[in-house]
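Everything below concerns the one structure shown next.
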Amino acid sequence: MPEFPETISTLTAYFLIFISMATSFITSAFGIGGGAILLGLLAVKLPPIALLPIHGIVQIGSNLGRTIIFFKDIKKDTLIPFTVGTIIGSIIGGSIFIQIDEWLLQLSISLFILWSVYGKIPIIRSKQITIGGVFSGFLTMFFGASGTLVAGMVKTLNLEPVRHLATHSALMSIQHLIKVVVFGFVGFAYSEYFLLIFLMIISGFVGTVLGKKILVKYGSKYFKLILHSVLTLIALYLLSNAIIMSKALDNIIFFV
């Protein structure tokens, strides 16, 4: 019988399963935001080496659900150039990822979340889809939640809302799939987390369906404020944790 990994408690596992559903609901109802929240919470609860591989495979389930539901609305001529670019970027990023220290990974993710909230994500134009795939594919190997960057690129295509959501979901499904494969090649063992991943994918799909059935029309004025506040708190926690870990490492090196 599959079991939850020994590195996390049963309570934590059920919390992550619920969070997968909640963040998929957020993305489906509001268009974006769930992936970044999920990344931040996974960074708090999971071992760093498991963070991005599991985030990637769960996000496949979440985005694939939307891709299937809105398949006919996808702008399909974007798929091949984006896939080619993502493969190149992910391979380059994956070769560097395995050399990153635990504290540096948490520091990088915290700064990326703060940048996505308060900074200006560069816009990649529709004529630069392959380049966009390379850039976002490289970044997703370190930060996981490249959805904001890809959404900015899709926005320049000037699609209707449903086609925008469908195309963005398809591109993110491709990118997360490639990321998961690359992490497998560099040695991450998904089998240990099989039960957790399976249940998070199922709950994520449920969240996607609920998000489309319960279309959020009211409260969007406050949603961005709440979203930014939650992401900021998560980022600050990761930042403080990274600083503590780096100082502990310095003390060990000094002692040696």
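Only a predicted model underlies this, so the values are computations on that prediction, with no experimental measurement involved. Scope of the values below: all heavy atoms of this structure, side chains included, with no hydrogens, waters or symmetry mates.
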Checklist outcome for this item: Residue set satisfying side-chain hydrogen bond (donor to acceptor under 3.5 Å, both in side chains) with Ser173, at least two apart, ordered chain then number -> Thr67
Item to check | Residues in side-chain contact (heavy atoms from CB on, under 4.5 Å) contact with Tyr190, at least two apart in sequence or another chain | outcome: Pro53, Ile57, Val180, Phe183, Phe188, Ile197
Item to check | Heavy-atom closest contact (Leu196 atom, Ala13 atom, distance) | outcome: CD1-O, 3.8 Å
Next on the checklist: Please give me the minimum heavy-atom distance between Ile74 and Arg163, naming the atom from each residue.
Outcome noted: O-NH2, 3.7 Å
Checklist entry - For Ile8 and Thr12, which heavy atoms make the closest approach, and how far apart are they? => result CB-CG2, 4.3 Å
Checklist entry - What residue among Ile174, Leu177, Ile201 forms side-chain contact (heavy atoms from CB on, under 4.5 Å) with Ile60? => result Leu177
Next on the checklist: Taking transitive links into account, so neighbours of neighbours count too, which hydrophobic residues share a cluster with Leu11 at under 4.5 Å side-chain distance?
Outcome noted: none
Next on the checklist: What verdict does the side-chain contact (heavy atoms from CB on, under 4.5 Å) test give for Ile91 and Phe185, after you've listed the backbone C-alpha separation in whole Å, the side-chain angles of each residue and the deciding distance to 0.1 Å?
Outcome noted: CA-CA 10 Å; Ile91 290 175; Phe185 273 113; over 6 Å; no
Checklist entry - For Phe194, what are the other residues in its hydrophobic cluster, where any two members join if their side-chain heavy atoms are less than 4.5 angstrom apart? => result none
Next on the checklist: Thr78: which residues meet the side-chain hydrogen bond (donor to acceptor under 3.5 Å, both in side chains) condition with it, sequence neighbours left out?
Outcome noted: none
Item to check | Partners passing side-chain contact (heavy atoms from CB on, under 4.5 Å) against Thr86 (at least two apart in sequence or in another chain) | outcome: Phe82, Ser90, Gln175, Ile178
Item to check | Minimum side-chain heavy-atom gap Lys75-His164 below 4.5 Å | outcome: no
Checklist entry - Are Ile68 and Met21 connected in a single hydrophobic cluster, I mean Ile/Leu/Val/Met/Phe/Trp/Tyr linked by side-chain heavy atoms less than 4.5 Å apart? => result no
Checklist entry - Met172 versus Gln59: any side-chain heavy-atom pair under 4.5 Å? => result no
Item to check | Pairwise side-chain contact, Glu192 with Phe4, heavy-atom cut-off 4.5 Å (strictly under) | outcome: no
Checklist entry - Between CG of Leu171 and OG1 of Thr83, what distance do you get to the nearest 0.5 Å? => result 7.5 Å
Checklist entry - Are Val206 and Phe15 connected, step by step, through hydrophobic side chains (Ile, Leu, Val, Met, Phe, Trp, Tyr) whose heavy atoms are closer than 4.5 Å? => result yes
Checklist entry - Can you check side-chain contact (heavy atoms from CB on, under 4.5 Å) on Leu38 and His55, steps first, answer last? => result CA-CA 8 Å; Leu38 179 62; His55 178 266; 4.0 Å; yes
Checklist entry - Linking I/L/V/M/F/W/Y whenever any side-chain heavy atoms sit under 4.5 Å apart, do Ile54 and Leu64 land together? => result no
Checklist outcome for this item: Tightest non-hydrogen contact, residues Val154 and His168, listed as CG2-CA, 4.2 Å
Item to check | Test item: Leu46 and Leu16 side chains (from C-beta on) under 4.5 Å apart, heavy atoms | outcome: yes
Checklist entry - With sequence neighbours excluded, what pairs up with Ile88 under the side-chain contact (heavy atoms from CB on, under 4.5 Å) test? => result Val84, Ile92, Val134
Next on the checklist: Run Leu51 and Lys45 through side-chain contact (heavy atoms from CB on, under 4.5 Å) and show every step you take.
Outcome noted: CA-CA 9 Å; Leu51 168 61; Lys45 295 295 184 180; over 6 Å; no
Checklist entry - Among all residues two or more places apart in sequence or in another chain, which pass the side-chain hydrogen bond (donor to acceptor under 3.5 Å, both in side chains) test with Ser240? => result none
Checklist entry - Between Ser24 and Gly204, which heavy-atom pair has the shortest distance, and what is it? => result CB-O, 3.0 Å
Next on the checklist: Using the ring-ring contact (aromatic ring centres under 6.0 Å, His included) criterion, which residues pair with Phe18? Sequence neighbours excluded.
Outcome noted: none
Item to check | Which residues share a side-chain contact (heavy atoms from CB on, under 4.5 Å) with Phe205, sequence neighbours left out | outcome: Val209
Checklist entry - Where is the tightest heavy-atom contact between Met200 and Leu42, given as atom of each residue plus distance? => result CE-CD2, 4.1 Å
Checklist entry - Any side-chain heavy atom of Ile17 sitting closer than 4.5 Å to one from Tyr14? => result yes
Item to check | Within 6.0 angstrom of Leu236 CG, more than 12 heavy atoms from elsewhere | outcome: yes
